[in-house]
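Side-chain atoms are counted along with the backbone in the values below, which use heavy atoms only and exclude waters and symmetry mates. The shown structure was predicted, so the numbers you read here are calculated from the model rather than taken from an experiment.
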Amino acid sequence: MSALQASSLILSSSSSRVTINGAIHVPKLPNVRFTVPKKSSLNLTKQMVIEELNNLKQGFNTQNDDVYSNNNNNNANTSTSLTVTAQLYAILEAVNDRVEMHDNIGQQRDNWNKLLLNSINMITLTATTIAGVAAATASPGTSSLALNVSSTLLFSAAAGMVLVMNKLQPSQLAEEQRNASRLFRQIKTQIETDIALRSPTKYDLKKYMDKVLSLDKAYPLPLLGAMLEKFPQKYEASNWWPSKKSQKGQNESFQQENNNGWNESLEKEMREVIEVVKTKDRVDYERLGNLVLKINKALAISGPLLTGIAAVSSPFVGHGSWAGVLAVTAGALATAVNGFQHGGQIGMVFELYRNCGGAFKHIEDEIEATIGEEEFEKRENGELFQVKLALKLGRSLSQLKELSAKSASAPLQASSLILSSSSSSRGTINGAIHIPKLPNNIRFTVPKKSSLNLTKQMVIEELNSLKQGFNTQNDDVYNNNNANTSTSSTVTAQLYAILEAVNDRVEMHDNIGQQRDNWNTLLLNSINMITLTATTIAGVSTATAVPGTSLLALNVSSTLLFSAAAGMLLVMNKLQPSQLAEEQRNASRLFRQIKTQIETDIALRSPTKYDLKKYMDKVLSLDKAYPLPLLGAMLEKFPQKYEAANWWPSKKSQKGQNESFQQQNNNGWNESLEKEMREVVEVVKTKDRVDYERLGNLVLKINKALAISGPLLTGIAAVSSPFVGHGSWAGVLAVTAGALATAVNGFQHGGQVGMVFELYRNCGGAFKLVEDEIEATLAEQEFEKRENGELFKMKLALKLGRSLSQLDELAAKSASSRANGVAIDEFASKLI
């Protein structure tokens, strides 16, 4: 641990020596090919040739010397560029290693939270049980010294461990490392993008060095001396980016022809977005952050205090009824407080709010620094900046414009405009929301046309072409080529922005999924231990119920424990954390699918504006299908009936069927393939989807029954506990209900019934997506607008886990079964 805390991996910007520790990982870049175009044949305009001939008359030799000198300068520039690239790769290696370090440290600290909480709960509950037994069996002539000493020692040990745990807040420490890991992965993606799209400069070196060091400072690895304050005076948003100094004032001049994608309307839109972020989002997160901070402080004080009271009271159990009651009451309450604080990961929630507040502050700083720069060429391209901002806020470009228009037209109602990661224009702020963050300063500039240095041979060859008849079309070709190159570069840059947003969403859903999986594990363990202990105490109270004994301590402790378990269980059943975790796992996988598709498109062809719209729609649809927030935006956990998940944008296609296959090239389609696809759709509809709908409804009913039974049984046990000892029925009822409640809770949450339901929803959605894709493709009457038929068939076969021949057999069986009026006995998918 001390070696890790030394944080000796700092990459110094002032030293050319890079220290690489043994744990470093060599970065693996994505398999995306970026081909450098070969030197094309030169199309010269008439004016360019005439100008070059004039230079030739003035002395060709002198010009050749200049060209030679320029070539030497170019070689020097190339050497400098290679050095810078090598240094940038060194930073990339350090960033990769930091990702691994924060992942490892985060896992360690997450283990602390789980192990310490389970240990403290078991110790406290055992001490409470012992104190209760000592109080119940206390009578003249009996010695309770052993019970008193053991309960005192256990309570004291628990109090010490709770003090340390509350000081460290391991759930918050783990969340810090998850955030740091995600943000370092952002930097990694930004560096890879820069290397792929252009030659890096010394400015890039400084920029990324500053980012790395700022992130190191914001999320330190060491504990002692460097750990972030866990209980500050007030909530402050996290800050992990280097400060940007921009010029004051506003640029009022948009007279020049090229403003790098900026105009007055876009600047105004950005300023309105800042106002909404400042007055709504940041303010709301500050309110929530301060609220959670106060709750966490109260719990952090209450836990050790109650455990300490129990430890002080334990030695006196048996010497008066008050001591036993105080010991077991304080012990029971301490267990409930600790379970809620660390099982509910309150520290993690506070760090979550700090990070979200920092995300909004980062957006403000980026916009203000960008529009504060008066020279347009020094800004990031306006269209690209707008795309990135929309993705950060989880909005489409049109929704971003609507937001700024609402803010401008109704400034007094700005408080009703809240940015969220949902695609709804209404937008409601949510407790667990994370705002996706994109890289901030990647510029994709199209180089200006440089002065042309021609060799003698090139001029002669062009003159020969001129003699044969100069075609003015060359001018159009040259201009069109430049225009197409510019458009293609801009579209590629925007597609990379979407790719970076998708990468970040993968990290976000992975992190949120881990948090919610922890909720399921920690809360279930806490509830089960509390319920079992309460059941044991109620049983002991029943067995020792004889005249002359006091059962008050046992009754109070079992009642409190059952009540705490019932309350925690109600919350857990409402949230269904196992289902929440499964939602995030599904979202992460589907975002990785989009990432792979974008990388494939970039590798195989030049992307178009259609690709931009397609992937923007996919991202926003997936955001809507699997929301990150909890309150207000959480998917309904107990709907009226099973409905398959839907995470893809709807496709509008032409009606009818194309019957014409007369042309020579049908893009891989023919009547036989169309018929085969229609038969596959029928099997998916009548077998796979129907079966998952049946299973989904069955699991939904089971989950509803369990969600009602668990809290109901625990509540019955809590109501019966005070009467244990005053009648045999009360003890039997309390113990029986407590035991059944433990079994129900273990089956529901230990068996992750909510996760199974989400699994069925996702599988049903997968089949619905197959249907929609086939039907939308077949409905398209123009073959060239469809995906290639052979490729489409291969993709479908892989989705269903079949070979091409097996897909043919399935279609043939379906056609035969339908012709004979019987149901096919085979499922379409061999995977799910």
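The main-chain N or O of Met348 is found under 3.5 Å from a side-chain atom of Ser171 such that the two form a donor-acceptor pair. A donor-acceptor distance shorter than 3.5 angstrom exists from the side chain of Asn338 to the backbone of Ala334, with no hydrogens or angles considered. Lys641 contributes no side-chain N or O that, together with a main-chain N or O of Leu700, makes up a donor-acceptor pair within less than 3.5 Å. For Ser588 (side chain) and Gln584 (main-chain N/O), no donor-acceptor pair under 3.5 Å exists by modelled atom type. Using a distance-only test at 3.5 Å, with no hydrogens or angles considered, no donor-acceptor pair links the side chain of Tyr235 to the main chain of Leu291. For Trp240 (side chain) and Leu183 (main-chain N/O), no donor-acceptor pair under 3.5 Å exists by modelled atom type. Using modelled atom types, no side-chain atom of Lys230 and backbone atom of Pro170 make a donor-acceptor pair closer than 3.5 Å.
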Query - Chi angles and distances behind the side chain to side chain contact (heavy atoms under 4.5 Å, CB included) call for Asn528, His749 - result: CA-CA 10 Å; Asn528 278 348; His749 299 291; over 6 Å; no
Requested in this report: Given side chain to side chain contact (heavy atoms under 4.5 Å, CB included), test Asn586 with Glu582 step by step and report yes or no.
Outcome: CA-CA 6 Å; Asn586 289 334; Glu582 181 65 14; 3.5 Å; yes
Query raised in the report: What do the steps show when you test Gln345 against Asn113 for side chain to side chain contact (heavy atoms under 4.5 Å, CB included), and what is the final call?
Result: CA-CA 9 Å; Gln345 304 181 90; Asn113 193 53; 4.2 Å; yes
Requested in this report: Determine, stepwise, if the pair Tyr626 / His509 fulfils ring pair (Phe, Tyr, Trp, His ring centres under 6.0 Å).
Outcome: CA-CA 9 Å; Tyr626 293 103; His509 283 283; 7.5 Å; no
Requested in this report: Could you please spell out the steps behind the side chain to side chain donor-acceptor pair (under 3.5 Å) verdict for Ser541 and Asn555?
Outcome: CA-CA 7 Å; Ser541 180; Asn555 292 356; 3.0 Å; yes
Report task. Could you check Asn296 against Gln341 for side chain to side chain donor-acceptor pair (under 3.5 Å), going step by step and ending with a plain yes or no? Result -> CA-CA 7 Å; Asn296 203 27; Gln341 182 185 13; 3.1 Å; yes
Query raised in the report: When you look at Asp216 and Arg98, which way does the side chain to side chain contact (heavy atoms under 4.5 Å, CB included) test go after all the steps?
Result: CA-CA 9 Å; Asp216 280 338; Arg98 275 167 169 74; 2.8 Å; yes
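Qualifying side chain to side chain donor-acceptor pair (under 3.5 Å) partners for Asn290, counting only residues two or more places apart in sequence or in other chains: none.
Between Thr124 and Ala158 the shortest heavy-atom distance is OG1-CB, 3.5 Å. Here the closest non-hydrogen pair linking Pro711 and Ala707 is CD-O, 3.0 Å. Annotation for Lys278 and Val283: closest pair O-CG2, 3.3 Å, computed over non-hydrogen atoms. In terms of heavy-atom proximity, Gly324 sits nearest to Ala135 at CA-CB, 4.0 Å. Smallest separation of non-hydrogen atoms from Ala336 and Ala564: CB-CB, 3.7 Å. Smallest separation of non-hydrogen atoms from Ala566 and Gly715: CB-N, 4.3 Å.
In this structure, Phe638 places its CZ atom where more than 12 heavy-atom neighbours from other residues, nucleotides or ligands lie under 6.0 Å away. No more than 12 heavy atoms of other residues, nucleotides or ligands lie within 6.0 Å of NZ in Lys167, so this atom counts as exposed by the packing criterion. The environment of CZ in Phe340 is sparse: at most 12 heavy-atom neighbours from other residues, nucleotides or ligands sit within 6.0 Å.
Atoms CD and CD, from Gln233 and Glu236 in turn, are 10.0 Å apart once rounded to the nearest 0.5 Å. From Asn525, atom CG reaches atom CG of Leu117 across 8.0 Å, with rounding to the nearest 0.5 Å. Taken to the nearest 0.5 Å, the CG atom of Asp281 stands 3.5 Å off from the CZ atom of Phe360. Taking CD1 from Ile301 and CG from Leu163, the interatomic distance works out to 11.0 Å, rounded to the nearest 0.5 Å. From Gln169, atom CD reaches atom CD of Glu351 across 11.0 Å, with rounding to the nearest 0.5 Å. To the nearest 0.5 Å, the span separating CD1 on Ile120 from CE on Met161 amounts to 4.5 Å.
You'll find the side chain of Leu575 stays beyond 4.5 Å of the side chain of Leu523, heavy atoms only. No side-chain heavy atom of Leu228 sits under 4.5 Å from any side-chain heavy atom of Gln172. The shortest distance between side-chain heavy atoms of Asn573 and Leu706 does not fall below 4.5 Å. Phe562 is not listed as a side-chain neighbour of Val719, based on a closest heavy-atom distance of 4.5 Å or more. Between Val732 and Thr542 the shortest side-chain heavy-atom distance does not fall below 4.5 Å. Residues Val744 and Leu713 are in side-chain contact: their nearest non-hydrogen atoms beyond the backbone lie under 4.5 Å apart. Here the side chains of Leu147 and Val133 are in contact, with some heavy-atom distance below 4.5 Å. Taking 4.5 Å as the limit, every side-chain heavy atom of Ser151 sits out of range of all side-chain heavy atoms of Val317.
The pair Asp510-Arg182 fails the salt-bridge criterion, with no side-chain N (NZ, NE, NH1 or NH2) lying under 4.0 Å from an Asp/Glu carboxylate O. Contact check on Lys361 versus Glu286 returns no salt bridge, with no Lys/Arg side-chain nitrogen under 4.0 Å from an Asp/Glu carboxylate oxygen. Between Asp110 and Lys114 there is a salt bridge, with a side-chain nitrogen of the basic residue lying less than 4.0 Å from a carboxylate oxygen of the acidic one.
Each of Leu560, Leu554, Thr559 was scored for a side-chain contact (heavy atoms from CB on, under 4.5 Å) with Val556, with one residue passing: Leu560.
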